[in-house]
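Note that this is a predicted model, so its numbers are computed, not measured. Order of the sequence lines sets the chain letters (A, B, ...), proteins ahead of strands, with each chain counted from 1.
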Amino acid sequence: MAGYFKRMFSSIKSIMAGMRVTIGYGVNPKTEVTQQYPEVRREPFDRFRGKLFVDINICTGCTACARICPVDAIVLKTVRDENKKLRPVVFDIDNAKCIYCGLCVEACPVDNCLYFEKKYEFSSYSREGLVSHFGLGEPKSAEKGPEDDRKEAVK
Amino acid sequence: MAVADEKFMQVSMGPQHPSTHGVLRLLVRTDGEVLSSVKPYIGYLHRGLEKIAERVTYPQFTPFTDRLDYLASMNCNLAYAMTVERLLGIEIPRRAQVIRVIMAELNRISSHLIAFGSLSSDMGAFTPFLFGIREREAINDLFEMVCGARLTFNYIRIGGVSQDLPEGFTDRTKEFLDYFPAKIREYNDLLSYNSIFIKRLADIAVIRPEDAFDYGITGPNLRASGIRWDLRRAEPYLVYNELDFDVPVGRGEMGTTGDAWDRYMMRIYEMEQSAKIVGQCLGMLAPGDHTAKVPRVLKPPVGEAYVRAENPRGELGFYLISDGSTKPYRLKIRTPSFANLSIVPKLGKGVMIADLIAIIGSLDIILPEIDR
Ligand code: SF4
Ligand code: SF4
């Protein structure tokens with residue numbers, strides 16, 4: 001019988017210890033940690049890996065990013081323009097396929113060409129809406145290079 | 001639900017059951033409240049990672065290892081990177097080693113916090129889960145600061161780590177380490193020594209040391225059975241042999257050695273030790289390179305390597321065969337949760353249904369690692 005009451009007492013004591021913690025947090029507004037999204041939006045850190053962005057005007061079309069991508073999220077087609085420079089006519093990044101690993105960003109040899117934006121809200125109603133198109137399109141000039149000069153860059 | 005025969009009832013627990021920690025299906029035969037057999041069915045998360053490894057290059061596979069044990073991606077990255085480094089025979093700079101240990105231990109804490117929280121919510125106490133998540137967010141912030149991701153880090157790479165530590169990381173980590181011990185005391189008040197919780201876990205599902213060996217149980221689950229086996233001590237890698245930390249083992253404080261409460265408590269103790277390790281490592285950070293010189297195209301020599309590392313859930317091993325090309329010839333992954341799950345049919349025999357939840361929760365399995 002004495003053991004019964006002893007157990008009861010120790011149980012109540014252990015529950016009180018727990019309640020002290022929760023009540024301590026309950027009455028102290030300074031301990032609040034949640035944020036009311038979307039009213040409050042958290043600013044990500046500088047290295048945050050959000051949506052990918054390509055500064056297509058400085059992209060050299062070297063295809064290093066498309067080759068390193070483990071899930072083939074980058075579709076890249078280049079043609080040579082009049083000055084024999086590679087022109088990325090198609091540069092699509094499928095944000096649904098992308099696993100945000102960052103290998104492409106590290107592989108890109110041009111500074112500030114391919115990088116992650118801090119953007120993390122880019123949901124869409126369709127799959128197509130999740131693909132970002134950066135490509136420059138076909139060159140405007142009428143004469144295109146000979147057929148064998150065109151290169152399908154992606155594996 | 002199906003009637004197996006007159007006496008038993010067959011129930012499928014899962015795959016969408018909230019306390020199976022993922023998509024695990026347990027086929028249980030019950031006689032009233034008592035289980036006569038439990039059979040786990042796995043494979044709902046199978047993605048064929050081992051096969052994928054044969055199709056991508058060595059560096060390209062690193063992000064896939066994030067998706068093995070997603071609660072401890074750093075540790076998975078680490079084990080894989082060490083395997084390839086063994087094949088290549090490269091030595092990594094000291095600063096990179098220290099950074100790796102910091103990351104691995106922080107990730108161990110964050111993984112154990114989830115183990116602590118999910119077991120408590122399985123046992124019907126939801127509040128501790130939120131407490132665990134709160135501290136985990138602080139660690140996630142640190143990770144985000146370092147590598148930009150909060151879950152699938154892809155930070156520890158072949159040869160070192162992808163980027164050096166950012167400015168302010170050490171201070172922020174120190175801040176975290178300063179208040180973390182107080183939080184652990186809170187967890188203990190809230191949950192560990194709560195008598196209802198102890199009643200639910202003590203003397204439940206005792207794993208005896210012999211059984212633990214037979215089933216290949218590793219990690220905190222093995223140590224809970226009283227066996228002092230921790231790869232960080234037994235087979236030190238990185239800078240672990242220079243660090244001062246204890247390997248806690250189960251002592252049967254509330255019941256029998258190796259019961260569910262011991263397994264739970266191992267994680268609390270290990271969090272304390274990991275915090276201690278991180279503190280020491282911060283002091284060991286000396287300027288240096290964050291990565292070794294690794295060629296752009298990796299072609300390891302023909303050969304094979306097996307490297308194991310102490311993950312939060314046990315021993316994670318990568319067995320890698322190279323045929324001298326840029327892609328692995330074969331990769332076999334030995335995951336701790338798979339072995340830990342295998343003991344469930346044995347433990348689940350003759351217990352109450354509610355105890356099955358305690359068994360699964362205290363083993364702290366994770367499904368993407370089992371199915372991989
Ligand atoms: S972040 Fe990774 S998955 Fe995404 S496009 Fe770059 S390489 Fe591919
Ligand atoms: S790696 Fe950089 S420069 Fe090369 S194609 Fe990709 S974005 Fe352009």
Side-chain angles (χ1 to χ4, degrees), chain A residues 4 6-26 31-35 42-52 62 64-74 97-109 115-120 155, chain B residues 52-53 55-57 59-67 77 120 125 127-128 130-131 133-135 137-138 140-155 157 162-163 165-169 172 182-183 185-199 296-297:
Chain A
Y4 178 75
K6 223 169 129 193
R7 272 205 300 283
M8 205 155 94
F9 182 70
S10 76
S11 296
I12 291 171
K13 215 171 102 191
S14 74
I15 291 168
M16 293 307 279
M19 290 312 274
R20 201 171 50 234
V21 175
T22 24
I23 291 171
Y25 280 104
T31 54
E32 188 184 296
V33 286
T34 45
Q35 284 177 349
R42 178 178 168 278
E43 178 63 19
F45 288 96
D46 287 341
R47 290 182 180 176
F48 184 70
R49 305 209 296 251
K51 198 179 181 188
L52 278 166
C62 68
C65 52
R67 270 181 284 130
I68 194 84
C69 180
V71 291
D72 300 342
I74 302 178
K97 263 191 181 177
C98 176
I99 55 174
Y100 305 92
C101 63
L103 291 178
C104 54
V105 174
E106 286 161 36
C108 180
Y115 57 86
F116 286 111
E117 291 179 296
K118 282 194 193 170
K119 211 155 127 191
Y120 52 88
K155 41 179 173 168
Chain B
I52 289 175
R55 313 210 119 222
V56 295
T57 61
Q60 276 181 328
F61 190 67
T62 320
F64 288 104
T65 59
D66 285 332
R67 285 145 182 89
N77 286 173
S120 83
T127 322
L130 302 175
F131 279 63
I133 288 284
R134 183 187 58 192
E135 268 66 70
E137 281 303 298
N140 277 358
D141 278 351
L142 291 172
F143 286 151
E144 188 189 329
M145 209 172 165
V146 171
C147 68
R150 298 174 72 83
L151 194 71
T152 49
F153 308 113
N154 189 23
Y155 177 62
R157 302 284 176 82
S162 73
Q163 312 166 61
L165 296 177
E167 218 169 286
F169 174 82
R172 226 185 144 114
K183 301 292 170 192
R185 282 196 292 280
E186 258 174 27
Y187 302 155
N188 286 341
D189 278 350
L190 208 55
L191 191 68
S192 312
Y193 296 111
N194 181 296
S195 36
I196 303 171
F197 185 69
I198 293 172
K199 273 257 166 348
R296 275 225 137 176
V297 180

When Glu137(B), Arg55(B), Arg172(B), Lys199(B) are compared by non-hydrogen pairs under 4.5 Å with chain A, the top option
Arg172(B)

So, the part of Phe197(B) with a heavy atom under 4.5 Å from chain A: the answer is neither

Assess whether side chain to side chain contact (heavy atoms under 4.5 Å, CB included) is satisfied between Arg157(B) and Leu103(A), documenting all intermediate values.
CA-CA 11 Å; Arg157(B) 302 284 176 82; Leu103(A) 291 178; 3.7 Å; yes

Just verifying a value: how many Å separate Cys62(A) SG and Arg67(A) CZ, rounded to the nearest 0.5 Å?
6.5 Å

Check Thr152(B), Thr62(B), Asp66(B), Asn154(B) against Asn77(B) for a side-chain hydrogen bond (donor to acceptor under 3.5 Å, both in side chains) and give me the one that passes.
Asp66(B)

Need one label for Ser11(A): side chain, backbone, both or neither, based on atoms under 4.5 Å from any heavy atom in chain B.
both

Is the closest basic N to carboxylate O distance between Glu144(B) and Arg150(B) below 4.0 Å?
yes

Name the member of Lys13(A), Glu106(A), Met16(A) that forms the most heavy-atom pairs with chain B at distances under 4.5 Å.
Glu106(A)

Residue part contacting chain A, namely of Pro59(B), when any heavy atom lies under 4.5 Å:
backbone

Under 4.5 Å from any heavy atom of chain A - which part of Asn188(B):
neither

By a 4.5 Å heavy-atom criterion (distance strictly below it), what part of Phe116(A) contacts chain B: side chain, backbone, both, or neither?
neither

Both conditions, 6.0 Å and 45 degrees, for the charged tip of Arg67(B) above the ring of Phe64(B): are they met here?
no

Would you give the length of the straight line joining atom OH of Tyr100(A) to atom CZ of Phe48(A), rounded to the nearest 0.5 angstrom?
9.5 Å

Given the options Val146(B), Ile196(B), Ile198(B), which has more heavy-atom pairs under 4.5 Å with chain A than any of the others?
Val146(B)

